[in-house]
Protein chains: 4
Amino acid sequence: MNNKDLKETLYRVIFGTDTPAGKNFDLFLIFAILVSVSTLMADSVTGYSDMYYEVIRYIEWTLTVLFTIEYAVRIYCSPNPRRYLTSFYGFIDLVSILPSYVSLFVPGANFLLVIRIMRFLRIFRVLKLVRYSTEASTLGRSMYHARRKVLIFFLSVLVMTTIFGSLMYIVEGPENGFSSIPKSIYWTIVTITTVGYGDITPQTPLGQFIAALTMLMGYSILAVPTGIFTAELAQELQRERMNVVCPNCSKLGHDNDADYCRSCGGSLNP
Amino acid sequence: MNNKDLKETLYRVIFGTDTPAGKNFDLFLIFAILVSVSTLMADSVTGYSDMYYEVIRYIEWTLTVLFTIEYAVRIYCSPNPRRYLTSFYGFIDLVSILPSYVSLFVPGANFLLVIRIMRFLRIFRVLKLVRYSTEASTLGRSMYHARRKVLIFFLSVLVMTTIFGSLMYIVEGPENGFSSIPKSIYWTIVTITTVGYGDITPQTPLGQFIAALTMLMGYSILAVPTGIFTAELAQELQRERMNVVCPNCSKLGHDNDADYCRSCGGSLNP
Amino acid sequence: MNNKDLKETLYRVIFGTDTPAGKNFDLFLIFAILVSVSTLMADSVTGYSDMYYEVIRYIEWTLTVLFTIEYAVRIYCSPNPRRYLTSFYGFIDLVSILPSYVSLFVPGANFLLVIRIMRFLRIFRVLKLVRYSTEASTLGRSMYHARRKVLIFFLSVLVMTTIFGSLMYIVEGPENGFSSIPKSIYWTIVTITTVGYGDITPQTPLGQFIAALTMLMGYSILAVPTGIFTAELAQELQRERMNVVCPNCSKLGHDNDADYCRSCGGSLNP
Amino acid sequence: MNNKDLKETLYRVIFGTDTPAGKNFDLFLIFAILVSVSTLMADSVTGYSDMYYEVIRYIEWTLTVLFTIEYAVRIYCSPNPRRYLTSFYGFIDLVSILPSYVSLFVPGANFLLVIRIMRFLRIFRVLKLVRYSTEASTLGRSMYHARRKVLIFFLSVLVMTTIFGSLMYIVEGPENGFSSIPKSIYWTIVTITTVGYGDITPQTPLGQFIAALTMLMGYSILAVPTGIFTAELAQELQRERMNVVCPNCSKLGHDNDADYCRSCGGSLNP
């Protein structure tokens with residue numbers, strides 16, 4: 001097998017999904033990512049990190065070496081290595097392995113190690129290639145169409161949050177936990193999103209009245225992103241349905257789960 | 001009455017709903033299930049379990065024996081006993097009675113007794129047979145159509161939750177209650193679903209800023225499952241309406257609560 | 001003015017809204033209800049009930065006497081007094097005045113006095129007569145169409161809540177606040193509706209895992225009532241739009257906020 | 001340049017956006033508003049207000065003077081100064097600068113200074129002129145159409161909240177934190193909007209049962225504003241799509257993100 005053939009074969013296995021080898025590679029990668037993320041989690045639990053110190057170290061380094069080899073092979077077999085390196089997944093692949101090597105030279109860089117959990121994002125690459133791409137793109141297109149409305153919405157929430165937060169800062173004041181405007185804004189976001197930790201709560205009747213208004217407002221504006229997304233998605237689904245063309249009679253307007261043409265009865269998925 | 005006739009009569013009473021006896025049997029079963037579940041609940045309340053020890057025991061054993069007889073008769077009269085035994089409801093029926101008998105031989109198996117509360121699920125079998133089957137299947141079909149989109153959504157939530165949880169673990173650390181990555185992920189889920197217990201809350205300004213982002217994100221992505229389900233349900237309702245055929249003039253496209261054909265005025269439910 | 005004329009005039013003023021006197025009566029009633037509810041609230045605040053004891057007593061008795069007169073007049077001028085007395089609002093009108101009189105004879109019946117707050121419900125009668133009746137009936141019809149789906153939904157929530165509550169009772173146990181199955185069910189409802197008081201929180205890792213599942217489930221099933229109602233309302237709005245008939249050319253299918261026929265340009269509200 | 005020309009040029013720069021100078025002015029204004037709001041926030045943080053006392057004072061007074069000049073110029077170049085002064089943004093512009101000057105004469109009027117955060121609202125004026133006006137007006141029209149339904153909804157929530165609050169006041173009473181009807185109503189709003197601070201929680205079994213009902217009710221009625229807004233928005237989007245006219249063949253009914261006519265293929269945005 002010459003060099004070019006090797007590159008192509010590797011490319012088909014690592015980047016592709018339509019060969020048995022490519023599918024097995026993907027399955028192995030999912031397994032490796034899940035093991036790696038679980039190990040990272042276990043390592044952060046106080047008892048486990050001491051008890052299973054050696055096992056965790058061993059798994060982590062084995063996977064780091066494997067991911068490093070994979071990274072190198074991806075660069076090697078990519079038709080455009082520069083583009084791969086500067087892509088989103090190229091960056092994630094680097095972030096998945098670099099912290100382990102850095103920790104060898106910079107001791108105590110604990111926070112760097114946690115960054116490796118970003119490798120969990122790689123699971124999207126594997127899954128995106130396999131299936132559900134239509135579904136994901138329907139969701140994606142709906143979000144794309146909704147982007148401006150959502151931006152306006154978030155800007156309004158930001159401004160409203162700032163004003164209500166400042167109001168509560170005046171009304172309740174530092175003695176009731178609203179110690180600064182940023183902290184009052186934090187409280188307003190906690191309230192408006194209906195999270196409601198209860199770490200800061202209004203104590204004065206006027207503060208409780210404004211808080212109640214904030215809650216009702218948050219309750220109502222929750223309708224806005226939901227409404228925007230739902231309306232866009234409903235339109236997207238309708239658009240999709242309309243765009244399915246019968247290969248037999250060329251009629252449009254089929255249900256998006258139809259298997260046969262509603263006009264001539266021919267199969268829509270021959 | 002010979003053996004075959006007996007089987008058929010029993011089958012019609014126990015599995016069917018179209019005879020007066022079958023309806024009465026269903027009503028009695030609903031009553032027995034409700035009494036049994038209430039007794040199980042009362043038994044768990046500290047005061048009651050001692051005060052009404054004898055009464056609770058008496059009710060439980062009476063119902064267990066009744067359910068056992070019912071289980072035996074179901075096996076006896078079922079046209080395909082093996083299929084019944086391995087079905088979902090066959091399993092639930094067994095789980096409803098077994099723990100009581102096991103507790104006779106294995107004392108202290110308290111957690112086994114609570115498992116009997118699974119018999120509450122049997123209420124769906126009774127209700128499914130009676131009415132609302134169209135409504136339930138509309139909801140079911142909408143969920144079925146939405147399954148892939150929901151899966152993608154949940155996978156995204158899982159990955160996002162893990163990454164945000166790890167981030168908070170670095171930023172806040174064990175001294176503020178974020179004692180491990182799994183616990184931080186628990187906090188992230190509590191926050192992103194807007195539950196907000198307040199048992200763990202961010203204390204540092206940076207942690208509160210990330211928490212606010214998490215809340216706003218959770219607030220927005222709540223729109224996604226709602227949007228998916230609503231859009232699918234709206235389409236399902238439209239599809240249903242379109243599929244009602246007038247038995248008189250064969251026109252389609254009636255409102256789904258229409259009683260008369262909008263074209264010829266003939267009854268749609270003759 | 002003879003007796004029959006008096007009855008009719010009173011009926012038009014008290015039950016009707018199309019005369020100036022009827023409108024003024026409604027406005028006065030809204031004012032009286034708001035004053036009365038505010039007084040009841042102030043009476044429950046510790047400081048106020050002592051400070052303004054006389055004022056509160058005076059307002060309450062004045063309004064009670066007024067409402068009593070109104071009640072008597074309603075009975076007198078109603079074309080069918082029996083039907084009024086047994087109607088929903090007839091009952092509310094009685095509940096609005098009775099507790100005050102009872103408290104004269106039964107001292108300390110504090111809880112009876114609070115029942116008078118039910119008179120706040122009377123505000124709906126006044127408002128229903130004035131305007132918004134189309135809007136309210138659109139909402140009402142959507143809810144009516146959705147009733148069966150909502151019932152199935154609530155039954156499922158009830159059963160799921162019971163099973164998850166019992167599971168948490170086994171996993172967490174009384175030592176972590178899950179002291180009985182009913183209390184665990186209370187916790188499950190607090191969690192599944194994303195309220196999250198934080199008065200009871202899971203302490204064991206397994207309990208926190210199940211809690212996270214409960215939250216995500218609650219987060220998803222929130223989509224169901226929203227989806228049901230939205231889809232029904234969207235259909236209702238479409239149906240309304242289709243049913244507006246142009247008085248000039250008899251065309252259908254106008255926008256529900258259109259003022260002129262989209263076909264002939266004639267006014268839709270002549 | 002004579003007086004009238006100066007006025008017109010200033011008007012185009014300050015109120016308009018279609019000249020490079022107008023755009024630069026808007027960008028500078030956004031920057032100034034963001035700096036000013038950030039300074040106000042920093043000033044409220046205990047440590048910062050002392051550490052950076054001079055810097056904060058300096059930034060604030062510079063921006064106040066700048067905003068004062070801008071306010072004066074706006075009055076000068078406005079074609080109708082009276083209308084500007086009495087408009088919403090005219091009021092906000094005044095509120096943005098007045099408190100600083102008042103604080104010179106009235107020492108300790110700390111709460112007046114916080115009012116300056118209202119200047120954050122000015123960012124909407126700048127953004128409204130630039131882009132997204134179609135998107136914002138779609139959202140706005142949907143909300144306008146939904147206004148009556150939302151009003152009915154809020155009135156119902158208000159009445160329900162009052163009645164449930166009074167009920168909890170009777171059931172739980174002052175000894176469990178429900179110290180007055182207004183406070184119980186505050187609790188009901190906290191619960192019904194699923195915020196759930198946990199500062200007041202029901203302690204009696206009956207109280208917890210009513211609380212669970214309140215939560216489920218709140219959970220369901222959350223569907224109402226979402227449903228109303230979504231249905232109106234879906235209709236608004238459909239209406240918009242239908243109203244786009246192809247400038248070439250005059251056909252209607254294009255997708256609202258279409259760039260070319262679906263009938264003749266001509267550009268829709270020539």
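Quick note: numbers below take in every heavy atom, side chains included, and nothing from hydrogens, waters or symmetry partners. In what follows, every chain begins at residue 1, and chains take the letters A, B, ... in the order their sequences are listed.
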Which atom of D/Thr191 lies closest to which atom of C/Tyr197, heavy atoms considered: OG1-OH, 2.5 Å

With only heavy atoms counted, which part of C/Tyr186 is less than 4.5 Å from chain D, the side chain, the backbone, both or neither? side chain

Rounded to the nearest 0.5 Å, the CE atom of C/Met41 sits from the OG atom of D/Ser166 at a distance of 6.5 Å

Could you state the interatomic distance from CG (D/Leu167) to CD1 (C/Ile117), rounded to the nearest 0.5 Å? 10.5 Å

C/Tyr48, part contacting chain D, at a heavy-atom distance under 4.5 Å: neither

Does atom CZ (C/Phe154) have a neighbourhood of more than 12 heavy atoms from anything else shown, all under 6.0 Å? yes

Might you point out which heavy atoms bring D/Ala212 and C/Ile189 nearest each other, and give the distance in Å? CB-CD1, 3.8 Å

Under 4.5 Å heavy-atom distance to chain D, tell me which part of C/Leu40 shows up: side chain, backbone, both or neither. backbone

When rounded to the nearest 0.5 angstrom, what distance separates OG1 in D/Thr162 from CZ in C/Arg119? 13.0 Å

Name the region of D/Val159, side chain, backbone, both or neither, that has any atom closer than 4.5 Å to a heavy atom of chain C. both

Engaged part of D/Thr193 at the chain C interface, taking heavy atoms whose separation is under 4.5 Å: neither

Tell me, out of D/Leu158, D/Ile163, D/Thr230, who's got the most heavy-atom pairs with chain C below 4.5 Å. D/Ile163

Look at D/Pro174, D/Ala211, D/Ser156 and state which one has the largest set of heavy-atom pairs under 4.5 Å with chain C. D/Ser156

Need one label for D/Ile192: side chain, backbone, both or neither, based on atoms under 4.5 Å from any heavy atom in chain C. neither

Closest heavy-atom contact between D/Ser179 and C/Thr46? O-OG1, 4.4 Å

